[in-house]
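As the structure is a computational prediction, the values presented were derived from the model and not from experiment. Both counts, for ligands and for their atoms, begin at 1 and track the order of listing. Residue numbers run from 1 in the order of the sequence given.
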Amino acid sequence: MRKVLILDTTLRDGEQAPGYSMNQSEKVQMAKQLDRLGVDIIEAGLPVSSNEDYRATKAIAAAVQNAAVTAISRCVKADIQRTWEAIRKARHPRLHLFIATSEIHMEHKLNMTEEQVFETAAECVAYAKSLCDDVEFSAEDATRSDRAFLLRLFNRAIQEGATTVNIADTVGYATPTEMHELVSYLKSNLCDPSVKFSVHVHNDLGMGVANTLASIHAGADQVECTVNGIGERAGNVALEEIVMALHTRRDYYQCETNIDTKQIYRTCKLLTTMNGVGLAPNKPIVGVNAFAHESGIHQHGVLMSPQTYEIMKPEDIGIYRNQRVVLGKHSGKHAFADRIAELGYSMSEEAIVAAFERFKRLAERKKEITDKDMEALIGAGALAIRETYSLKSFVINSGPMISATAVVRLVRDGQEYEHVARGEGPIDASFKAIDRIVKMQAKLENWTMQAVTEGEDALGEAVCKITCNGHQVVGRGLSSDIVEASIRSYINAINKAVALEEQDQLLQEQEN
Ligand code: KIV
Ligand code: ZN
């Protein structure tokens, strides 16, 4: 069966969208999960955009074991040189260059003629090839560009050493039929048929998946996508949707990918945990309703035979139907670690120890710990960070006739600190009490709460986003008590902000 390569650009095109920024350690953690997922190429960043991005790209290049690691650069020699520095230590480095090719972009953005774009691209591909064997060349806004020019440019890029050529539907403008025609035309006229043909689409008109699949049908060898479809404006095409479409309709597309589909759910979950942006319940593949059957007729059908209304199995993407009781208060760390492995998660010893602490706390209150509880506990670990501050206790006094008061006690370096504050409600009051203890200028941007497990002792997950000393961080807290979950999320965010500040100081010292 024909193989379609998956280039994941969550950490570059996805991350640059507002609300999705990640810090270096989160990016490395995400890159490792993408590697486990089986993506062929990880696009790690745009290293010339900032020193932070450069360092994060470098760290990803060093951490990834199997996938190729690429980073993108404008067709500017100094940028290519710096981009190469960031990825050169990867096991399989790839340099990715792009230049705009549509009249609109060339005239209004680049202020260049077609011939200037042509010569610049040729020169830069040749330069990139002198540094790295694997070179991808992308035409930005290709779907609004002149076809004959695109073909001439791609053939020249190939002569200069490009190993992959990519068309970008940068503004999500194309239709599936147009994509099919464009890919067929370009691919069949390339001067070297062994060069990989790639597509990169955005979802402005909601046609991202259809456009990508039409391109695959027309012969595209590589597709570029992001986890959960995050990205500028309406986002990029979602990796999980493309992969599952190819998997489910193998009969039609006759293609396969290297993705381990059982890693899809936890990859998507890791990302939502990190950026604190939830998914629509009806999001294909990974939304909470994606496998839920509400209507009686459907439920009856599924009970008779799942095939009646299910074209995919939740297990295919790593969701386990069994809400079986796995562990309880008396379970030990080994049983806990075994269950984590059975659920398909790979965690460091340190992360297991931290998750086990959370498990013990939960098991004190909740008799039965289900797989869903386990996933919530593991997810909380995704944002685990050194606990500079930890929660010792809190007391809330609140009601309709009084203003809420919170007394919060935190521990730092073995010493206890307590403060009291009033607020608009119990959560506002407790956050203010924490602010008084930690004495940091934290601004709460966003706070959400949702039940992540079922039943009367359901676990509530609070996610808060704060800005602190120029860093935007997401904190997450889990508890069957919603005020406690909120307090824990705020402390988690504060601890992350403290860690980032320490990291900033360290880097500054190194630079001086
Ligand atoms: O959308 C786009 O045009 C891109 C390219 C630079 C590949 O992300
Ligand atoms: Zn893009």
Query raised in the report: Going by the angle between their ring planes, with limits at 30° and 60°, are Y490 and F431 parallel, tilted or perpendicular?
Result: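 Because their plane-to-plane angle is under 30°, the rings of Y490 and F431 count as parallel.
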
Query raised in the report: Which part of E232 is near ligand 1, with near meaning a heavy atom under 4.0 Å away: side chain, backbone, both or neither?
Result: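 Answer for E232: neither.
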
**Report entry** I72 and ligand 1 - part of the residue with a heavy-atom distance under 4.0 Å
**Finding:**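 It is the side chain that touches ligand 1; the backbone stays farther off.
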
Query raised in the report: With distance as the sole criterion, is a donor-acceptor pair present between the side chains of Q263 and Q33 under 3.5 Å?
Result: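 A donor-acceptor contact under 3.5 Å links the two side chains.
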
Requested in this report: Please determine, by modelled atom types, if T467 and E445 share a side-chain donor-acceptor pair under 3.5 angstrom.
Outcome: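 Yes, a side-chain donor-acceptor pair sits under 3.5 Å.
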
Which of the ligand 1 atoms, numbered from 1, are nearer than 4.0 Å to a heavy atom of [X]:
{"X": "D13", "value": "8 (O)"}
{"X": "H202", "value": "1 (O)"}
{"X": "A168", "value": "2 (C), 3 (O)"}
{"X": "E140", "value": "3 (O)"}
{"X": "H200", "value": "1 (O), 2 (C), 4 (C), 7 (C), 8 (O)"}

Query raised in the report: Taking the N/O/S atoms of D13 one by one, which is nearest to the Zn ion (ligand 2)?
Result: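 For D13, the N/O/S atom sitting closest to the Zn ion (ligand 2) is OD2.
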
Query raised in the report: Given T170, V201, N166, which one has a non-hydrogen atom that is nearest to atom 2 (C) of ligand 1?
Result: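 Among T170, V201, N166, the closest heavy atom to atom 2 (C) of ligand 1 belongs to T170.
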
Requested in this report: Please indicate whether D133 has more than 12 foreign heavy atoms, meaning atoms of other residues, nucleotides or ligands, lying under 6.0 Å from its CG.
Outcome: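 No, CG of D133 has 12 or fewer neighbouring heavy atoms, counting only those of other groups under 6.0 Å.
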
Query raised in the report: So which heavy atom in the protein is nearest atom 7 (C) of ligand 1, and how far is it from that ligand atom?
Result: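 Answer for atom 7 (C) of ligand 1: R12 NH2, 3.7 Å.
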
Query raised in the report: Does R249 pair with D251 as a salt bridge, N-O distance under 4.0 Å?
Result: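 Yes, this pair counts.
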
Query raised in the report: Any N/O/S atom of E224 sitting less than 2.8 Å from the Zn ion (ligand 2), backbone or side chain?
Result: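 So E224 does not bind the Zn ion (ligand 2) by this criterion.
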
Query raised in the report: Is there a donor-acceptor pair closer than 3.5 Å between any side-chain N or O of T248 and the backbone N or O of A245?
Result: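 Between the backbone of A245 and the side chain of T248 there is no qualifying donor-acceptor contact (under 3.5 Å).
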
